[in-house]
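Convention: sequence-line order gives letters A, B, ...; per-chain numbering from 1.
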Amino acid sequence: MTRYDAGQAEPKWRKAWADKGCFETDTDGDSADTERPKYYVLEMFPYPSGRIHMGHVRNYAMGDVIARAKRAQGFAVLHPMGWDAFGMPAENAAMERNSHPAKWTYANIDAMREQLKAMGLAIDWSREFATCDPEYYAQQQSMFIDFLDADLLTRKEAVVNWDPVDMTVLANEQVIDGRGWRSGATVEKRALTQWFFRITDFAEELLADIDTLDGWPEKVRVMQRNWIGKSRGIEIPFALTESSAGMDAILCYTTRPDTLRGASFIAISPEHPLSIALSETDETVAAFREECRLAGTSEEALEKAEKRGINTGLSVAHPVYPDQTLPVWIGNFVLMDYGTGAVFGCPAHDQRDLDFARKYDLPVANAFHMPGESEDVGTEALVPTKAETVVYVDHFAGIGTTTSQEGIDRTIDWMEAQDMGKGQVRYRLRDWGVSRQRYWGCPIPVVHCPDCGVVPERKENLPITLPEDVTFDRPGNPLERHPSWKNTMCPDCGKQAQRETDTMDTFVDSSWYFARFCSPRAETPTNRAEVDRWLPVDQYIGGIEHAILHLLYSRFFARAMAKTGHLSEASVEPFKALFTQGMVTHETYSRLEKSDEGVEREVFFTPEEVTRVGEGVWTLKADGGPVTTGGIVKMSKSKRNVIDPDDIIARYGADTARWFMLSDSPPERDVEWTEAGAEGAARHLQRVWRLISEAAERAPQGGDGDNAAEDLRKITHRAIQAITDDIAAFRFNKAVAQLYGLTNAIAGFKATGKAADAALREAVNALTLLMAPMTPHLAEECWAMLGHKTMVVETDWPVADPALLVDDLVILPVQVNGKKRAEIQVAADESRDKVEAMALAEEAVVKLLAGASPKKVIVVPGRIVNVVM
RNA sequence: GCGGGCGUAGUCCAACGGUUAGAGACAGAGGACUUAAAAUCCUUCCAGUGUGGGUUCGACUCCCACCGCCCGUACCA
């Protein structure tokens, strides 16, 4: 018996698709594509790290299923691929190899492109680009200038982490215990003037429009809402009883002014101007500030919840009850960069304030109680949700029993009317700082002129390309120290001037690539006809780790592009539907080993290094010693549980990898890669091939056969319906299970005769077409074997015959008091009365009723009959 | 703390509020074929849905509480 040889068949079919340009999306108007409805499916483009991993395989397999199914279903599909190619790893690699980031990046792209192609993805490769291509970033620079003109950008000072040895800015994640991750030098805070996108101008719009994103997971929508973090509150000045450090009052921000009756102290941040002023004359304040500063940089987690403070000795008047005074404390828990850096403490309704008050023996007074209760707060603060109704105690604005939200709103109105404070809407969202003091990014196209100041580069001078003659043998930004690159002329006055040497955050690159795919070679950022046709992306697929930043930035960018005419208003939400897929996990193998210094640590082994010797028992091949199987965790280098997709494709073929990635686990959940599972997948694909080759060779048979042919037809058409629905709903695991079911039915089909021949033929044709989105190469091979002259990719999706989806006769269970007692066979559309009569006539039912009449008879058409007595 | 999700056979997973909880896969057991092995085929074991209430004629499914696990997020005033 011959076997399916994926290694031989897969390249053959990929070549056939490529030769025919099957996946190139025609947009030139002379193809049928423009007449068909459009469908844009996009997976988050990869960073060219060097090799694809199983997470990519899963991500792109899912997108490919959608792309292929939609194509077969008559859509003009846009399914492109590109590279998120700027970023630090390329610079690090250049440093290590004394090479150039571009060299490393493009070599990685070449390698990964081959790997992705080996997966057999239905991608329009003619649209490929990398964000580090000057052709791409030239357009980004052009848009940057448009954004500048449209006042979507601003320059302001921001504090950054500065590594004095590497002479570079570090991201927060690169600062470990206050030191640079690479140099180990103590990181300094430095204020630099940087570019910011004015995303906060869109805070309200970005928040409100989340409600329209009904194709997004609720989880992601919640995360975006929280990130934007809208709150309505009020700024209240608390007058100091005697002015200090030139201040007459402390301005506090609160979202709970309704609890002002319970205010018992003021807490200011150690970084508050008043704290700083006091520390100059008061040593204890200075010491406390120093303590807080150090604690801030070390592991906060270690001593979290420890709320500490010192009394300044100052006091303020209560704004509503002026004869009351409140002490002013400096609290380590008050953040300078949120609100005003000063809060009033209301211990009764804030656990943190309560802990603080109990510790330092400050008064606790309730501002409200729950209805029907009047106990005062003990060790737990009373913090009901804002929607809950509470009973205010002796409220200064005359509020009685109402929800907290109502209480807050009315208090703010009242206080504004009394001129006691200013109502405010605040957002947690900050403007998006995009300046990076790095080489491998998109240069910011502005010039610094001694006379004219900051001047945007002229568009005809774009792109401002990165110089190639740079080295990474010294710390710092190569653009900064390049001998000539930054010297230029002022676009306005023509005098000697200097280029900006900062480059853009790589999130900028990925914030509009989906639009560029619509016309990747256009000489403007977008071609309006093309983006209007293709956007929004109908289905976006990627990891949950991008739930906030990438997606929020893209939403902002689409709005900014609409404002500057690069997109239509209809596309301000760039991703109509979003799917976040789970991770690929694998078992880990490890043992504790002593290092030379005698320190015990966990050493991990790769799956190839261990052998399974029994149920859950593993040994190391090298020494035969036992290893423990650890958790099933995301594939990672540190846990050494990575399976290389190349190895899997070489051993079993791409279809097996795709099939297994889509089996079993629901796509949004994690999937565990197991050797046994992969082998099972490969075995199944062999079985399908064998069954179809047998069916293809089956000689026509005489005779009439029996009902089996009709049964197979029903199974076939039900599978068509179910799989079509499952794919559309991202239930790939169920679609796969259905395909197993159909395969089993075909394997068990032994009927002979003309009708049987036809039914079998129909079944194997359907099986082939239905499998094609998951295992496209195998499907082509089978399709050819079945004698078809065209390819599967040129063939329409099968359509279920509704007549075969319903049974004429159905068997209904008859329950008595919820327990099944009998069965009746009735016509599917039989009347209720008739069904009820038949059920009541059943011998078992008659017996149980024993002459009594039933209390109730429930007939669920096509489902069940329940007799209640 | 808060927010979200998940608890069903040894494992991964199914089950419009409806039959005796089972579509499918993995693993296990037995057998057939074979000189043998691989491959293939056949047969088969195993759970009553985390716990406790409630709603319902009927609950894996809906509601409430609790337990466990996972993810996200936070001194946000």
Under-4.0 Å side-chain N/O to phosphate OP1/OP2 contact, [X] with [N]:
| X | N | value |
| --- | --- | --- |
| N744(A) | A23(B) | no |
| N733(A) | A14(B) | yes |
| R669(A) | C13(B) | yes |
| R690(A) | C41(B) | yes |
| R683(A) | C26(B) | yes |
| K856(A) | C57(B) | yes |

Determine the Euclidean distance between corresponding [atom1] atoms of [M] and [N]; express it in Å to zero decimal places.
| N | M | atom1 | result |
| --- | --- | --- | --- |
| A65(B) | A27(B) | C1' | 38 Å |
| G50(B) | A9(B) | P | 8 Å |
| C67(B) | A74(B) | P | 25 Å |
| C2(B) | C75(B) | C1' | 13 Å |
| C26(B) | G1(B) | C1' | 41 Å |
| U56(B) | G17(B) | C1' | 9 Å |
| G54(B) | U11(B) | C1' | 34 Å |
| U51(B) | U8(B) | P | 10 Å |

Base-pairing mate for [N] - Watson-Crick or G-U, with both contacts under 3.5 Å:
| N | answer |
| --- | --- |
| C76(B) | none |
| A21(B) | none |
| G3(B) | C71(B) |
| U8(B) | none |
| C41(B) | G31(B) |
| C62(B) | G54(B) |

Are any of the side-chain nitrogens in [X] or [Y] under 4.0 Å away from the carboxylate oxygens of its partner?
| X | Y | answer |
| --- | --- | --- |
| K734(A) | D725(A) | no |
| R289(A) | E271(A) | yes |
| R651(A) | E679(A) | no |
| D214(A) | R221(A) | no |

Go through [options] for me and flag the one nearest to the [X] side chain.
| X | options | answer |
| --- | --- | --- |
| K734(A) | A77(B), A15(B), A39(B) | A15(B) |
| V222(A) | G24(B), C75(B), G3(B) | G3(B) |
| N866(A) | G18(B), A27(B), G24(B) | G18(B) |
| M223(A) | G72(B), C12(B), U19(B) | G72(B) |
| P666(A) | A14(B), A77(B), G18(B) | A14(B) |
| A676(A) | C26(B), C75(B), G72(B) | C26(B) |
| V868(A) | G18(B), C57(B), C75(B) | C57(B) |

Nearest-angstrom distance from the residue atom [atom1] of [X] to [atom2] of [N]:
| X | N | atom1 | atom2 | answer |
| --- | --- | --- | --- | --- |
| I330(A) | C75(B) | CD1 | P | 21 Å |
| D664(A) | G24(B) | CG | P | 13 Å |
| Q224(A) | G4(B) | CD | P | 17 Å |
| K219(A) | C71(B) | NZ | P | 10 Å |
| F579(A) | G5(B) | CZ | C1' | 14 Å |
| D726(A) | A15(B) | CG | P | 9 Å |
| I210(A) | G3(B) | CD1 | P | 18 Å |
| I236(A) | A77(B) | CD1 | P | 14 Å |

Are [X] and [Y] near enough that their ring centres are under 6.0 Å apart?
| X | Y | result |
| --- | --- | --- |
| F344(A) | H318(A) | no |
| Y360(A) | F265(A) | no |
| F288(A) | W329(A) | no |

Classify [X] by what it touches in the nucleic acid, base, sugar-phosphate, or nothing, heavy-atom distance under 4.0 Å.
| X | answer |
| --- | --- |
| E218(A) | nothing |
| V334(A) | base |
| Q815(A) | base |
| S663(A) | nothing |

First encountered from the 5' end of RNA chain B, between P813(A) and A747(A)
P813(A)
Whichever of A737(A) and E668(A) has its nearest RNA chain B nucleotide further upstream toward 5'
E668(A)
Distance-only side-chain donor-acceptor flag, T588(A) / N641(A), under 3.5 Å
no
Report, as yes or no, whether the 6.0 Å neighbourhood of atom NZ on K422(A) holds more than 12 heavy atoms from other residues, nucleotides or ligands.
no
Syn/anti state of G48(B) by chi, 90° boundary around 0:
syn
